[in-house]
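Below is one structure; the comments refer to it alone.
Values below: every heavy atom of this structure, side chains too, minus hydrogens, waters and symmetry copies.
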Amino acid sequence: MSTPALSGGGGLFTGFTKLCKGLAVVLIGGHILVQLFPPAVTYLALIPARTIPFAWNLLTAGYTEQTIYGVAISVFALLFMGKLLEPIWGSKEFVKFIFIVNVLTYICVFITAIALYYATRLEVYLYMPISGFHGVLAGFLVGIKQIVPDQELSVIGIKAKWLPSIMILLSIIASFFLADSAAYLPIFGTYMSWIYLRYLQRRSETNFRGDPSDEFAFATFFPEFIRPVINPISSIFHRLFCGRSDISNDGKAYEMGGFPLPGSDTFEASRRR
């Protein structure tokens, strides 16, 4: 089944949801605000040295784009990816995903910036304003990988399942050339969104949480040759974040008395097709 939002089919520039349009206005408004009143950056963006007591920065930083290029990319990607994800997840779950991934991503960036400062003693890691929506955008790519992994983007000829991997690779490369913790936003956005979708998201079709399928394992974000190295590492995080939930989640959501729940495999296969 072809997905117009990815394949470039009919209605490419139509069908944007009201919620995504509203979020786009918020991003544009935040950019205009920091352009007209530059001091607002110190209150809206994440500045690690000032996060305490300005803890609200962990939330507001994600919706504050400091450059015209950043806001253009964020609005464009939000509208197009939101057009695919929101109808499937529902508006409430879509907002919940954005909120959780945004906050967790900036918590991780804050911790990383502090660690980098103590490792390098470069104050740029403490005082450079960090902001932008691209952590959430990276999370959207994970959602697309989960929903339509084999859908090919007609424009660039790449399957959707490789988009998060490409984003991670670009971020890693950028981190070597930029003394800017913002380069880590897509990396943490990818991982935080995977944790949420893998273990926490409540699935309306089964009323259970997460996606335990092998096709959505963390190792699938990487090429075959590196997966033997990733699997042991991901198993540690699996035990940390999942604990006993794989017994209750897999056992109850996909099995009952040793037999698959009626329709669960059929639904999953149909959704992925």
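Listed by chain and residue number, Tyr43, Arg50, Trp56, Asn57 satisfy the side-chain contact (heavy atoms from CB on, under 4.5 Å) test with Phe54 (two or more places apart in sequence, or in another chain). Scored by the side-chain contact (heavy atoms from CB on, under 4.5 Å) test, Leu33 finds Phe37, Ala40, Leu44 as partners (sequence neighbours excluded). Taking Ser193 as the reference, nothing meets the side chain to side chain donor-acceptor pair (under 3.5 Å) condition, with sequence neighbours excluded. Ala138 pairs by the side-chain contact (heavy atoms from CB on, under 4.5 Å) definition with Met167, Pro186, Thr190, not counting sequence neighbours. For Val103, the side-chain contact (heavy atoms from CB on, under 4.5 Å) criterion is met by Leu59, Phe99, Ile107, not counting sequence neighbours.
Ile173 CD1 to Leu169 CG: the interatomic distance, rounded to the nearest 0.5 Å, is 4.0 Å. Interatomic distance, SG of Cys20 versus CG of Leu78, reported as 4.5 Å (0.5 Å rounding). Rounded to the nearest 0.5 Å, atoms CD1 (Ile147) and CG (Leu85) are 5.0 Å apart. Leu137 contributes atom CG, which lies 13.5 Å from atom CZ of Phe80 (distance to the nearest 0.5 angstrom).
Residues Met81 and Val25 do not share a hydrophobic cluster, defined by chaining ILVMFWY side chains whose heavy atoms lie under 4.5 Å apart.
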Side-chain atoms of residues 67-75: list all donor-acceptor pairs with protein atoms under 3.5 Å, sequence neighbours left out, distances to 0.1 Å.
residue : atom : partner : partner atom : Å
Thr67   : OG1  : Gly70   : N            : 2.9
Ser74   : OG   : Glu65   : OE2          : 2.6
Ser74   : OG   : Gly70   : O            : 2.9

Throw together a table of side-chain donor-acceptor distances under 3.5 angstrom for residues 218-227, partners on residues two or more places apart or in other chains.
residue : atom : partner : partner atom : Å
Thr220  : OG1  : Lys145  : NZ           : 3.3
Thr220  : OG1  : Glu215  : O            : 3.4
Thr220  : OG1  : Ala217  : O            : 2.5
Glu224  : OE2  : Arg227  : NH1          : 3.1
Arg227  : NE   : Ala219  : O            : 3.1
Arg227  : NE   : Phe222  : O            : 2.8
Arg227  : NH2  : Phe222  : O            : 3.2

Exercise for review: With side chain to side chain contact (heavy atoms under 4.5 Å, CB included) as the test, would you mind laying out the steps for Leu170 and Ile166 before giving the verdict?
Suggested key: CA-CA 6 Å; Leu170 293 175; Ile166 294 172; 4.1 Å; yes
Practice item. For Thr105 and Leu185, run side chain to side chain contact (heavy atoms under 4.5 Å, CB included): C-alpha distance rounded to whole Å, both residues' side-chain angles, the deciding distance at 0.1 Å, then the answer. Key: CA-CA 7 Å; Thr105 296; Leu185 282 172; 3.6 Å; yes
Practice item. Report the C-alpha distance between Phe140 and Phe94 in whole Å, list the side-chain angles of each, state the deciding distance to 0.1 Å, and finish with yes or no for ring-ring contact (aromatic ring centres under 6.0 Å, His included). Key: CA-CA 10 Å; Phe140 287 163; Phe94 187 70; 5.4 Å; yes
Review point. What's the verdict on side chain to side chain contact (heavy atoms under 4.5 Å, CB included) for Leu200 and Ile100, showing C-alpha distance, side-chain angles and the deciding distance?
Key: CA-CA 11 Å; Leu200 303 175; Ile100 291 176; 5.8 Å; no
Exercise for review: Begin from the C-alpha positions of Leu163 and Val142 and carry the test side chain to side chain contact (heavy atoms under 4.5 Å, CB included) through to its verdict.
Suggested key: CA-CA 8 Å; Leu163 294 178; Val142 177; over 6 Å; no
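The side-chain heavy atoms of Ile187 and Cys108, taken from C-beta on, include no pair separated by under 4.5 Å. The closest side-chain heavy-atom distance from Ile111 to Phe188 is not below 4.5 Å.
Leu46 and Ala61 make their closest contact through N-CB, 3.6 Å (heavy atoms, listed as atom of the first residue, atom of the second, distance). What you find for Phe216 and Gln146 is that their closest heavy atoms are CE1-CB, 3.5 Å. Contact detail for Ala45 and Gln66: the closest heavy-atom pair is CB-NE2, 4.3 Å. The minimum heavy-atom distance between Tyr106 and Gly132, with the atom names listed, is OH-O, 2.6 Å. Residue Ser171 comes nearest to Ala183 through the heavy atom pair CB-O, 3.4 Å, listed as atom of the first residue, atom of the second, then distance. Scanning all heavy atoms of the two residues, the minimum distance from Ile47 to Pro129 falls at CG1-CA, 3.9 Å.
Here the side chain of Ser131 pairs a donor or acceptor atom with the backbone of Thr64 at under 3.5 angstrom. The backbone N or O of Leu197 lies less than 3.5 Å from no partner atom in the side chain of Arg209, so there is not a single donor-acceptor pair.
For the salt bridge (Lys or Arg N to Asp or Glu O under 4.0 Å) condition, the pairs that include at least one residue of residues 160-170, sequence neighbours left out, are Asp150-Lys161. Pairs engaging residues 84-104 under the side chain to side chain donor-acceptor pair (under 3.5 Å) rule: Thr17-Glu86, Glu86-Ser91, Glu93-Tyr196, Glu93-Gln201 [sequence neighbours left out]. Screening residues 112-123 for side chain to side chain donor-acceptor pair (under 3.5 Å), with sequence neighbours left out, gives no hits.
Other residues sharing the hydrophobic cluster of Ile52, ordered by chain and number and joined by side-chain separations under 4.5 Å: none, the residue standing alone.
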